[in-house]
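It should be emphasised that the depicted structure is a prediction, and the values quoted were computed from it without experimental measurement. Heavy atoms only: backbone and side chains are in, while hydrogens, waters and symmetry mates are out. Naming convention: chains lettered A, B, ... in sequence-line order (proteins, then strands); numbering from 1 in each chain.
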Number of protein chains: 2
Amino acid sequence: MNHESKFQREKFLNHISLDCVVFGFHDNQLKVLLLRMKFTKEWALPGGFVKEDESFETAATRVLKERTGLDNIFLKQFKVFSDPQRSKINPAVQDLIDSGANPDQEWFKQRFISVGYYALVDFSKAEPQSDYFSDLCAWKSLNEINTLILDHLQILNKALENLRMQLNYQPIGYNLLPDKFTMPELQKLYETILGKELDRRNFQRKMLSYNILTRLEERKTGGAHKAPFLYEFNLENYQKALQNGLYGGW
Amino acid sequence: MNHESKFQREKFLNHISLDCVVFGFHDNQLKVLLLRMKFTKEWALPGGFVKEDESFETAATRVLKERTGLDNIFLKQFKVFSDPQRSKINPAVQDLIDSGANPDQEWFKQRFISVGYYALVDFSKAEPQSDYFSDLCAWKSLNEINTLILDHLQILNKALENLRMQLNYQPIGYNLLPDKFTMPELQKLYETILGKELDRRNFQRKMLSYNILTRLEERKTGGAHKAPFLYEFNLENYQKALQNGLYGGW
DNA sequence: TATCATTGTGTCAATTATACACATTAATTT
DNA sequence: AAATTAATGTGTATAATTGACACAATGATA
């Protein structure tokens, strides 16, 4: 938290913020990275502001690097949240007041327009770091999340909706799974995102038909039953599928 | 243009703008509504700014009402454009300088972050109105559009890409066609958006399978050949399809 | 009245999706 | 060590959808 101990509002564009819904996958559950506000102890999405010479993408990348230590994260802009009332009661302000520090209360009293991003990251590689306003940064399972500050729950739900949509025309997994993974693990990921079960055999056939997977000779040992094959993504084809989409539609 | 003869920058949020790609369909061609800048005579997308108590949606709706006279337009936010360089050379500033009026040059020298919307409107019902900076508001066919100010061509292309994507999971047509239309007309619309031809019979079968169309007893007369049936959209089912999407995917 | 271009409708084959069955295997239990 | 268990690997029959195409009907025009 050292690097942000002095919050410099001059560097940022007024009115403008971004919020990130960071998805990870662990224990067969979809996790979201959240921050706990120092004083109010409410939970919030990681977010930030845009410097005067930054694009939103750069700013979001910077924020994610700070919160997870990771570069090269899959990032997708999914919606702008601009309800004039959305940032009326800002817990960050409350935190600043409670802290007695109040360096920049005025800044936080602004109306903020926030651009929502969702990110897909490898759970095992991320190292959650809290920020100036929070005392804890942690993964939460979706079903554990009941309330968030401001409209962050709404932002989270919209992100999830968009992620589910993405499954229908783009591959997913490279950013959420370790380099080597089994077919059942990939299937679990899909089932978790979609919130429903899929047929094991049909899933495998469909997934293989995309030609984005390479089956390795290795198998995953240590499990209690038959050892499944390990797969890795064929990055070249994966990128192509990301670009061109999986279905034609028309 | 009377209502904007005094440009009041105080009312708007700094740094923030919106641009609209307004699509219409006429003469079997996809048209886009453009403005011609008063002095530089360059073409631009209609756009605007956000008032301090407005959401982006409200602002976009207001802008479209001013440019087309229409309410209840289909509007979709599709991307935020935030490259720090994007508004460096702003023709509006040039226009203001050339005009000698220069009431708010400083305002336009700001860096702007723009939210892109695309709109689908009934060509025959829209009444193009220029704004304070333009002397002409007109429909242009896609293939006529070679250059636009700033990054507006890029915005247009992204809008088109998103519109094509939308065809794959949502119905389109209600906002672009008159209330009653023929199947060939609807097909032409799809072909125009996609930029490719479709099989007449397979198109009809697929389209009818969505259950969003009602065939009327009437036929369209006056054409040189066999009179085609007229259809109208079943609004209830159309809205459902907009919400739920047309395909499952998974 | 014949011609022409377009519309309405249908069919067949190929592809894809859905719902299953059975053999295999690695750890665990007996 | 053999039997058990609960997964995994592979395949198949059926239904549904898509793609390619043929032919009859019709309204204006020649």
To the nearest angstrom, the CZ-C1' distance between B:Arg201 and D:dA20 comes to 8 Å

Closest of D:dC21, D:dG9, C:dT7 to the B:Pro184 side chain is C:dT7

Rounded to whole Å, NZ of B:Lys226 lies from P of D:dA24 at a distance of 13 Å

In whole angstroms, the gap separating P of D:dT8 from CD of A:Glu218 amounts to 18 Å

Of the listed D:dT18, C:dA17, C:dA26, the closest approach to the B:Lys206 side chain comes from D:dT18

From the list A:Arg86, A:Lys79, A:Lys158, salt bridge (Lys or Arg N to Asp or Glu O under 4.0 Å) partner of A:Asp19 resolves to A:Arg86

Walking DNA chain D from its 5' end, the first of A:Met183 and B:Ser209 to be reached, judged by nearest nucleotide, is A:Met183

A:His225 atom NE2 is separated from D:dG9 atom P, nearest whole Å, by 13 Å

Whole-Å distance, B:Arg200 CZ to C:dG10 P, equals 13 Å

| message | Salt bridge check, A:Lys188 against A:Glu191: does any charged N sit closer than 4.0 Å to a carboxylate O? | response | yes

B:Asn202 CG to C:dC12 C1', in whole Å, measures 12 Å

To the nearest angstrom, the CG-P distance between A:Asp199 and C:dA17 comes to 13 Å

To the nearest angstrom, the OH-P distance between B:Tyr231 and C:dT7 comes to 12 Å

Nearest heavy-atom contact between B:Leu246 and B:Leu167 is CD1-O, 4.5 Å

**Q.** Under 4.0 angstrom between A:Arg215 side-chain N/O and D:dT8 OP1 or OP2
**A.** no

Notebook entry, point to check: Do the side-chain N or O atoms of A:Arg205 get closer than 4.0 angstrom to the phosphate oxygens (OP1, OP2) of C:dC20?
Noted result: no

Check: Where the side chain of A:Gln170 meets the backbone of A:Leu242, is there a donor-acceptor pair that is under 3.5 Å apart?
Finding: yes

